[in-house]
Amino acid sequence: MIQRVYEQAMRCRELSSLVIATDNEIIEKHIKTFDGNGIMTSVHHKSGTERCQEVLEKLSSDQEHNFDVVINIQGDEPFIDPGQISELAGTFRNPEVRLATLVKRIKSPEELTNPNVVKVIFDKNFRAIYFSRSALPYFRGKEISEWLDQSDYFKHIGIYGYRPETLREIVKLAASPLETAESLEQLRWIENGYPMQIRETEFESFAIDTPADLLKITNTA
(Lines give C-alpha, C1' and ligand atoms only; values in the text may rest on other atoms or scores of the structure.)
Protein backbone atom coordinates (compact mmCIF):
# COMPACT_ATOMS: atom_id res chain seq x y z
CA MET A 1 0.00 0.00 0.00
CA ILE A 2 2.86 2.40 0.83
CA GLN A 3 4.41 1.76 -2.58
CA ARG A 4 1.09 2.42 -4.31
CA VAL A 5 0.64 5.75 -2.51
CA TYR A 6 4.20 6.77 -3.34
CA GLU A 7 3.84 5.92 -7.02
CA GLN A 8 0.57 7.84 -7.27
CA ALA A 9 2.07 10.90 -5.55
CA MET A 10 5.12 10.81 -7.84
CA ARG A 11 2.78 11.60 -10.72
CA CYS A 12 1.97 15.01 -9.22
CA ARG A 13 4.04 17.70 -10.92
CA GLU A 14 3.45 20.17 -8.10
CA LEU A 15 5.81 18.29 -5.79
CA SER A 16 9.50 19.18 -5.84
CA SER A 17 10.38 16.43 -3.37
CA LEU A 18 8.61 13.31 -2.10
CA VAL A 19 9.60 11.42 1.05
CA ILE A 20 8.18 8.42 2.88
CA ALA A 21 8.49 9.16 6.61
CA THR A 22 8.42 6.04 8.79
CA ASP A 23 9.60 4.67 12.11
CA ASN A 24 9.17 1.07 10.95
CA GLU A 25 12.21 -0.91 9.78
CA ILE A 26 10.07 -3.29 7.72
CA ILE A 27 8.66 -0.36 5.76
CA GLU A 28 12.16 1.11 5.41
CA LYS A 29 13.40 -2.13 3.83
CA HIS A 30 10.43 -2.26 1.47
CA ILE A 31 11.05 1.33 0.34
CA LYS A 32 14.49 0.28 -0.87
CA THR A 33 12.99 -2.49 -3.04
CA PHE A 34 11.28 0.06 -5.29
CA ASP A 35 13.97 2.77 -5.03
CA GLY A 36 11.74 5.05 -3.00
CA ASN A 37 12.95 8.02 -0.98
CA GLY A 38 12.54 7.28 2.72
CA ILE A 39 13.55 8.88 6.01
CA MET A 40 13.48 7.14 9.37
CA THR A 41 11.81 9.17 12.11
CA SER A 42 11.24 8.98 15.85
CA VAL A 43 8.97 6.28 17.27
CA HIS A 44 7.52 8.80 19.72
CA HIS A 45 5.42 10.87 17.33
CA LYS A 46 1.71 10.96 18.11
CA SER A 47 0.61 12.18 14.67
CA GLY A 48 1.62 12.41 11.04
CA THR A 49 1.94 16.16 11.49
CA GLU A 50 4.71 15.70 14.06
CA ARG A 51 6.43 13.24 11.73
CA CYS A 52 6.25 15.75 8.86
CA GLN A 53 7.84 18.40 11.04
CA GLU A 54 10.79 16.13 11.85
CA VAL A 55 11.34 15.44 8.16
CA LEU A 56 11.08 19.17 7.38
CA GLU A 57 13.84 19.94 9.86
CA LYS A 58 16.07 17.18 8.52
CA LEU A 59 15.64 18.33 4.94
CA SER A 60 15.90 22.03 5.80
CA SER A 61 19.38 21.45 7.19
CA ASP A 62 20.39 20.85 3.58
CA GLN A 63 20.59 24.21 1.81
CA GLU A 64 19.35 22.62 -1.41
CA HIS A 65 15.90 22.18 0.18
CA ASN A 66 13.87 25.36 0.66
CA PHE A 67 10.18 24.52 0.78
CA ASP A 68 7.23 26.87 0.38
CA VAL A 69 4.67 24.28 1.48
CA VAL A 70 4.68 20.89 3.19
CA ILE A 71 1.98 18.43 2.11
CA ASN A 72 1.12 15.51 4.38
CA ILE A 73 -0.11 12.58 2.26
CA GLN A 74 -1.53 9.71 4.28
CA GLY A 75 0.05 6.30 3.73
CA ASP A 76 -3.33 4.55 3.88
CA GLU A 77 -4.72 6.19 0.72
CA PRO A 78 -3.72 3.79 -2.10
CA PHE A 79 -6.22 5.35 -4.51
CA ILE A 80 -5.12 8.94 -4.05
CA ASP A 81 -5.25 10.85 -7.32
CA PRO A 82 -2.34 13.17 -8.20
CA GLY A 83 -5.00 15.76 -9.04
CA GLN A 84 -5.99 15.89 -5.37
CA ILE A 85 -2.46 16.83 -4.40
CA SER A 86 -2.39 19.54 -7.08
CA GLU A 87 -5.71 20.95 -5.87
CA LEU A 88 -4.44 21.22 -2.31
CA ALA A 89 -1.14 22.76 -3.41
CA GLY A 90 -3.11 25.29 -5.44
CA THR A 91 -4.75 26.77 -2.34
CA PHE A 92 -1.35 28.10 -1.27
CA ARG A 93 -1.21 30.46 -4.24
CA ASN A 94 -3.11 32.67 -1.82
CA PRO A 95 -0.34 33.99 0.47
CA GLU A 96 -2.78 34.23 3.38
CA VAL A 97 -3.38 30.45 3.49
CA ARG A 98 -1.41 28.83 6.31
CA LEU A 99 -3.17 25.47 6.60
CA ALA A 100 -5.35 23.67 4.05
CA THR A 101 -7.18 20.43 3.41
CA LEU A 102 -9.71 18.88 1.02
CA VAL A 103 -13.35 17.85 1.31
CA LYS A 104 -15.75 15.92 -0.91
CA ARG A 105 -19.52 15.98 -1.04
CA ILE A 106 -21.23 13.08 0.75
CA LYS A 107 -23.82 11.31 -1.36
CA SER A 108 -24.78 8.21 0.61
CA PRO A 109 -26.44 7.67 4.01
CA GLU A 110 -23.78 5.02 4.74
CA GLU A 111 -21.00 7.62 4.62
CA LEU A 112 -23.08 10.08 6.61
CA THR A 113 -23.51 7.65 9.50
CA ASN A 114 -20.04 6.05 9.42
CA PRO A 115 -17.86 7.42 12.27
CA ASN A 116 -14.72 6.60 10.27
CA VAL A 117 -15.87 9.12 7.66
CA VAL A 118 -15.00 12.50 9.18
CA LYS A 119 -17.47 15.28 8.38
CA VAL A 120 -16.61 18.95 7.90
CA ILE A 121 -18.53 22.19 8.11
CA PHE A 122 -17.03 25.44 6.85
CA ASP A 123 -17.97 29.09 6.41
CA LYS A 124 -18.76 31.03 3.24
CA ASN A 125 -15.05 31.78 2.77
CA PHE A 126 -14.23 28.05 2.84
CA ARG A 127 -12.60 28.23 6.25
CA ALA A 128 -13.14 25.19 8.46
CA ILE A 129 -15.52 25.62 11.39
CA TYR A 130 -15.53 22.08 12.75
CA PHE A 131 -14.65 18.45 12.01
CA SER A 132 -16.63 15.60 13.53
CA ARG A 133 -17.24 11.87 13.33
CA SER A 134 -20.93 12.69 13.66
CA ALA A 135 -23.09 14.09 10.89
CA LEU A 136 -23.07 17.89 10.76
CA PRO A 137 -25.42 19.76 10.66
CA TYR A 138 -27.95 17.90 12.80
CA PHE A 139 -31.52 18.22 11.54
CA ARG A 140 -33.84 18.28 14.52
CA GLY A 141 -37.17 16.54 14.00
CA LYS A 142 -36.14 14.70 10.82
CA GLU A 143 -35.00 11.14 10.26
CA ILE A 144 -31.34 10.86 9.34
CA SER A 145 -32.36 9.17 6.08
CA GLU A 146 -33.82 12.56 5.05
CA TRP A 147 -30.83 14.70 5.95
CA LEU A 148 -29.08 14.50 2.58
CA ASP A 149 -32.21 16.00 1.02
CA GLN A 150 -32.08 18.92 3.44
CA SER A 151 -28.45 20.01 3.26
CA ASP A 152 -25.07 19.51 1.62
CA TYR A 153 -22.72 17.31 3.65
CA PHE A 154 -18.98 17.03 3.18
CA LYS A 155 -16.42 14.45 4.23
CA HIS A 156 -12.81 15.18 5.00
CA ILE A 157 -10.17 13.91 2.60
CA GLY A 158 -7.17 13.12 4.80
CA ILE A 159 -4.47 15.23 3.18
CA TYR A 160 -3.05 18.40 4.74
CA GLY A 161 -0.92 21.30 3.58
CA TYR A 162 1.08 23.57 5.89
CA ARG A 163 3.33 26.56 5.53
CA PRO A 164 6.67 25.47 7.07
CA GLU A 165 6.53 28.16 9.76
CA THR A 166 2.95 27.18 10.64
CA LEU A 167 3.89 23.50 10.84
CA ARG A 168 6.62 24.37 13.32
CA GLU A 169 4.09 26.29 15.43
CA ILE A 170 1.25 23.78 15.55
CA VAL A 171 3.40 20.83 16.66
CA LYS A 172 4.16 22.79 19.84
CA LEU A 173 0.47 23.09 20.77
CA ALA A 174 -0.88 20.98 23.61
CA ALA A 175 -3.69 18.52 22.95
CA SER A 176 -7.07 20.25 23.14
CA PRO A 177 -10.42 19.14 24.61
CA LEU A 178 -12.20 18.87 21.25
CA GLU A 179 -9.29 16.96 19.73
CA THR A 180 -9.37 14.51 22.63
CA ALA A 181 -13.14 14.05 22.36
CA GLU A 182 -13.20 13.34 18.60
CA SER A 183 -9.65 11.98 18.22
CA LEU A 184 -9.03 14.46 15.37
CA GLU A 185 -5.80 16.46 15.56
CA GLN A 186 -7.04 19.26 13.27
CA LEU A 187 -9.43 20.38 16.01
CA ARG A 188 -6.39 21.37 18.08
CA TRP A 189 -5.44 23.90 15.41
CA ILE A 190 -8.96 25.31 15.15
CA GLU A 191 -9.26 25.63 18.94
CA ASN A 192 -6.00 27.60 18.94
CA GLY A 193 -7.23 30.01 16.28
CA TYR A 194 -5.41 28.72 13.21
CA PRO A 195 -7.61 29.20 10.12
CA MET A 196 -7.79 26.17 7.84
CA GLN A 197 -8.62 26.65 4.18
CA ILE A 198 -11.03 24.16 2.63
CA ARG A 199 -11.15 23.16 -1.01
CA GLU A 200 -13.78 20.87 -2.48
CA THR A 201 -12.56 18.06 -4.70
CA GLU A 202 -14.41 15.79 -7.10
CA PHE A 203 -11.78 13.07 -6.76
CA GLU A 204 -12.89 10.13 -4.66
CA SER A 205 -10.71 8.87 -1.83
CA PHE A 206 -10.72 5.57 0.00
CA ALA A 207 -8.62 5.20 3.12
CA ILE A 208 -7.87 1.78 4.57
CA ASP A 209 -8.87 2.32 8.20
CA THR A 210 -10.19 -1.13 9.15
CA PRO A 211 -9.80 -4.80 8.12
CA ALA A 212 -13.24 -4.48 6.51
CA ASP A 213 -11.92 -1.67 4.29
CA LEU A 214 -9.05 -3.86 3.15
CA LEU A 215 -11.40 -6.74 2.41
CA LYS A 216 -13.67 -4.44 0.41
CA ILE A 217 -10.91 -3.24 -1.92
CA THR A 218 -9.42 -6.70 -2.41
CA ASN A 219 -12.84 -8.04 -3.39
CA THR A 220 -13.35 -5.27 -5.95
CA ALA A 221 -9.81 -5.03 -7.31
Side-chain angles (χ1 to χ4, degrees), residues 1-24 27-28 30-32 34-78 80-103 126-128 131 156-173 184-190 192-201 203 205 207:
M1 183 159 60
I2 292 292
Q3 181 176 350
R4 167 72 178 180
V5 176
Y6 185 83
E7 291 171 349
Q8 286 293 96
M10 282 290 290
R11 295 169 54 202
C12 177
R13 296 181 179 180
E14 300 283 347
L15 300 180
S16 61
S17 180
L18 182 63
V19 175
I20 299 173
T22 183
D23 60 7
N24 187 295
I27 292 177
E28 181 191 31
H30 181 64
I31 293 169
K32 294 177 180 178
F34 59 89
D35 296 324
N37 184 18
I39 289 182
M40 287 294 288
T41 59
S42 170
V43 298
H44 300 296
H45 293 312
K46 296 180 180 179
S47 69
T49 299
E50 292 181 2
R51 202 173 304 281
C52 282
Q53 189 267 339
E54 180 183 348
V55 171
L56 172 65
E57 301 311 329
K58 287 182 174 180
L59 292 179
S60 296
S61 62
D62 181 348
Q63 293 184 351
E64 293 183 6
H65 293 95
N66 184 19
F67 302 108
D68 297 315
V69 177
V70 176
I71 294 181
N72 180 358
I73 302 167
Q74 307 294 321
D76 61 357
E77 296 265 0
I80 189 168
D81 192 291
Q84 288 178 309
I85 304 170
S86 295
E87 287 176 337
L88 183 62
T91 65
F92 289 92
R93 294 189 180 96
N94 179 349
E96 295 183 0
V97 173
R98 303 170 68 187
L99 291 166
T101 195
L102 299 180
V103 301
F126 285 82
R127 297 286 179 88
F131 294 77
H156 182 217
I157 303 298
I159 179 173
Y160 298 105
Y162 330 82
R163 297 284 182 191
E165 61 274 16
T166 302
L167 176 57
R168 293 184 175 104
E169 291 173 11
I170 62 176
V171 296
K172 297 176 182 178
L173 300 173
L184 297 172
E185 67 169 322
Q186 61 268 41
L187 292 175
R188 183 190 311 189
W189 314 334
I190 292 176
N192 281 277
Y194 284 84
M196 182 179 298
Q197 190 69 34
I198 298 294
R199 178 161 178 173
E200 183 179 357
T201 181
F203 292 108
S205 182

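These numbers were taken from a predicted model, which means no experiment stands behind them.
- Without hydrogens or angle criteria, T101 side chain to I198 main chain gives no donor-acceptor distance under 3.5 Å.
- Of all heavy-atom pairs between S86 and E14, the closest is OG-CG, 3.4 Å.
- The closest donor-acceptor contact from the side chain of Y6 to the backbone of N37 lies under 3.5 Å.
- For the atom pair I159 CD1 and L88 CG, the distance stands at 5.0 Å (nearest 0.5 Å).
- Listed by first and then second residue, the salt bridge (charged side-chain N to carboxylate O under 4.0 Å, His left out) pairs that reach into residues 44-54 are D23-R51, E54-K58, sequence neighbours excluded.
- Remark: R127 pairs with Q197 by the side-chain hydrogen bond (donor to acceptor under 3.5 Å, both in side chains) rule, at least two apart or across chains.
- With sequence neighbours left out, the side chain to side chain contact (heavy atoms under 4.5 Å, CB included) criterion links R199 to E87, T91, L102.
- Among residues two or more places apart in sequence or in another chain, the salt bridge (charged side-chain N to carboxylate O under 4.0 Å, His left out) test is passed with R168 by E57.
- Listed by chain and number, the residues in a side chain to side chain contact (heavy atoms under 4.5 Å, CB included) with D81 are Q84, F203 (sequence neighbours excluded).
- A 4.5 Å side-chain heavy-atom check between V103 and T201 finds every atom pair outside the cut-off.
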**Prompt:** Checking side-chain contact (heavy atoms from CB on, under 4.5 Å) for the pair Y160/I73: CA distance, chi angles, key distance, verdict?
**Reply:** CA-CA 7 Å; Y160 298 105; I73 302 167; over 6 Å; no
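- Residues V55 and A21 share a closest heavy-atom pair of CG2-CB, 3.6 Å.
- By the 4.5 Å heavy-atom criterion applied to side chains, L167 and L56 are counted as neighbours.
- Taking SG from C12 and CG from L18, the interatomic distance works out to 9.0 Å, rounded to the nearest 0.5 Å.
- The heavy-atom pair separating V70 from P164 by the smallest distance is CG2-CG, 4.4 Å.
- Looking at heavy atoms from C-beta onward, I71 lies in side-chain contact with V69 at the 4.5 angstrom threshold.
- By the side chain to side chain contact (heavy atoms under 4.5 Å, CB included) test, S16 pairs with F67, sequence neighbours left out.
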For residues 92-100, dump all side-chain donor-acceptor pairs below 3.5 Å to protein atoms at least two apart in sequence or in another chain.
from	atom 1	to	atom 2	distance (Å)
N94	OD1	E96	N	2.9
R98	NH2	E169	OE1	3.1

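- For Q8, the side-chain hydrogen bond (donor to acceptor under 3.5 Å, both in side chains) partners two or more places apart in sequence, or in a different chain, are R11.
- Residue I190 comes nearest to A128 through the heavy atom pair CD1-CB, 4.1 Å, listed as atom of the first residue, atom of the second, then distance.
- F131 is linked by a ring pair (Phe, Tyr, Trp, His ring centres under 6.0 Å) to H156, counting only residues two or more places apart in sequence or in another chain.
- The minimum heavy-atom distance linking N72 with G48 is given by the pair ND2-C, 3.7 Å.
- Considering only residues two or more places apart in sequence or on other chains, H30 meets the side chain to side chain contact (heavy atoms under 4.5 Å, CB included) condition with Q3, T33, F34.
- Residues that satisfy the side-chain hydrogen bond (donor to acceptor under 3.5 Å, both in side chains) test with S47, not counting sequence neighbours, are E185.
- Atoms CD and CD1, on Q53 and I170 in that order, are 9.5 Å from each other to the nearest 0.5 Å.
- Judged by distance alone, with hydrogens and angles left aside, the side-chain atoms of T166 form no donor-acceptor pair with the main-chain N or O of Y162 at under 3.5 Å.
- Going from atom CD1 of I2 over to atom CD of E7 covers 11.5 Å, rounded to the nearest 0.5 Å.
- A distance of 11.0 Å separates CD1 of I157 from CD of Q74, quoted to the nearest 0.5 Å.
- Partners of T22 under the side-chain hydrogen bond (donor to acceptor under 3.5 Å, both in side chains) rule, at least two apart in sequence or in another chain, do not exist in this structure.
- Atom CE of M10 sits about 11.0 Å away from atom CD1 of I85, to the nearest 0.5 Å.
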